[in-house]
2 protein chains.
Amino acid sequence: MEAQQIIKALEALAQESRLAAFRALVKAGPPGLTPSVLSDKLDLPAPTLSFHLAQLRHAGLVNVTRDGRSLIYVANYDAMSGVIGFLTENCCADAGCAPASCRPSKEKNETRARRRA
Amino acid sequence: MEAQQIIKALEALAQESRLAAFRALVKAGPPGLTPSVLSDKLDLPAPTLSFHLAQLRHAGLVNVTRDGRSLIYVANYDAMSGVIGFLTENCCADAGCAPASCRPSKEKNETRARRRA
DNA sequence: ACAACGTTTCCATATTTATGGAATTATGGA
DNA sequence: TCCATAATTCCATAAATATGGAAACGTTGT
């Protein structure tokens with residue numbers, strides 16, 4: 001995953017409403033949530049929410065599908081995995097960081113991050 | 001770690017120059033780096049770099065000490081660990097995310113995140 | 001005390017981001 | 001076809017962020 005891509009994702013998550021929306025989508029799991037449900041849950045006007053969901057979408061953190069008149073937003077776990085992987089490999093000391101269970105077994109530099117599908 | 005704290009950290013990292021600066025500091029390790037070295041490495045005018053380092057500092061991602069006329073910036077691994085932990089626990093599906101080796105052993109929901117000092 | 005150096009603060013400017021009402025675009029049901 | 005619903009796009013406005021020259025600040029050597 002490229003740094004620019006990561007920055008987009010971090011930008012997207014670095015905003016209260018969007019982080020809340022994304023967390024809600026993660027919690028909701030594969031069935032996802034519609035904007036109206038989110039709008040209600042997060043108490044955000046539809047256009048504002050729509051704006052934020054678009055940001056998340058452009059950052060690749062969520063996917064959308066349509067079901068009748070409703071849209072279904074679903075968290076993209078692969079993207080999130082990429083972000084966490086990047087941070088772990090590029091922004092953590094060899095073993096001074098990373099939450100305990102999470103030590104990439106001494107791989108050099110960004111080997112793993114570069115192996116994109 | 002609180003959501004607001006996390007947002008500050010994500011904001012700080014979600015900017016090209018700052019992410020580059022932080023990565024350089026992580027790479028540099030405990031000895032850290034001075035602004036002039038960073039300014040040179042990243043090709044940023046001193047005031048601009050200073051502004052970004054202040055952002056990182058306010059987000060708690062770096063610490064500063066003085067050595068003579070130079071300041072020494074050092075990455076704060078604990079803070080970074082907190083960020084990665086939060087993302088892993090709040091923004092990942094039960095096991096649908098997190099980079100392979102990094103699975104918090106099935107803890108329920110946000111138990112660990114809530115255990116704040 | 002003075003000069004040089006490393007760094008920050010001040011400040012004006014340019015750019016980007018967030019907000020939400022009004023209008024608009026899909027979709028499905030009667 | 002007409003209406004109601006779900007969501008987005010349009011657009012004006014407000015607010016936050018980034019940039020970098022000039023000036024100021026602390027520290028060290030002379």
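What you see below is based on every heavy atom in this structure, not just the backbone, and it leaves out hydrogens, waters and symmetry mates. Order of the sequence lines sets the chain letters (A, B, ...), proteins ahead of strands, with each chain counted from 1.
Atom pair Glu16(B):CD and dT17(D):P shows a separation of 18 Å (rounding to whole Å applied). One atom, CD of Gln15(A), and another, C1' of dT19(C), lie 10 Å apart when rounded to the nearest Å. In this structure, Glu11(B) places its CD atom 17 Å from P of dT16(C), rounding to the nearest Å. Counting to the nearest Å, the P atom of dA18(D) and the CG atom of Leu56(B) are 10 Å from each other. Between Leu53(A) atom CG and dT9(D) atom P the separation is 11 Å, expressed in whole Å. For the pair Arg57(A) CZ and dT9(D) C1', the computed distance is 12 Å after rounding to whole Å.
As the counterpart of dC11(C), dG20(D) is assigned, both hydrogen-bonding distances of the Watson-Crick or G-U wobble pattern falling under 3.5 Å.
Annotation: proximity of residues 37-52 of chain A to DNA chain D (heavy atom, distance under 4.0 Å) is found for Ala46(A), Pro47(A), Ser50(A), numbered in ascending order.
Looking at Glu11(A) and Gln15(B), their side chains never come closer than 4.5 Å, going by heavy atoms from C-beta outward. Residues Leu61(B) and Met80(B) have side chains in contact (heavy-atom distance under 4.5 Å, counting atoms from C-beta outward).
Distances were taken from every side-chain heavy atom of Arg18(A) (C-beta onward) to each of dT8(D), dT7(C), dA18(C); the shortest belongs to dA18(C).
Interatomic distance, CG of Leu49(B) versus CG of Leu56(B), reported as 9.0 Å (0.5 Å rounding).
In this structure, the side-chain hydrogen bond (donor to acceptor under 3.5 Å, both in side chains) partners of Thr34(B), at least two apart in sequence or on a different chain, are Ser36(B). Considering only residues two or more places apart in sequence or on other chains, Gln5(B) meets the side-chain hydrogen bond (donor to acceptor under 3.5 Å, both in side chains) condition with none of them. Legend: residues meeting side-chain hydrogen bond (donor to acceptor under 3.5 Å, both in side chains) with Ser39(A), ordered by chain and number and at least two apart, are absent. With sequence neighbours excluded, no residue forms a side-chain hydrogen bond (donor to acceptor under 3.5 Å, both in side chains) with Thr48(A).
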Encode nucleotides 24-30 of chain D as B, S and - characters from 5' to 3', where the letter depends on protein heavy atoms closer than 4.0 Å: B to the base, S only to sugar-phosphate, - to neither. ---BB--
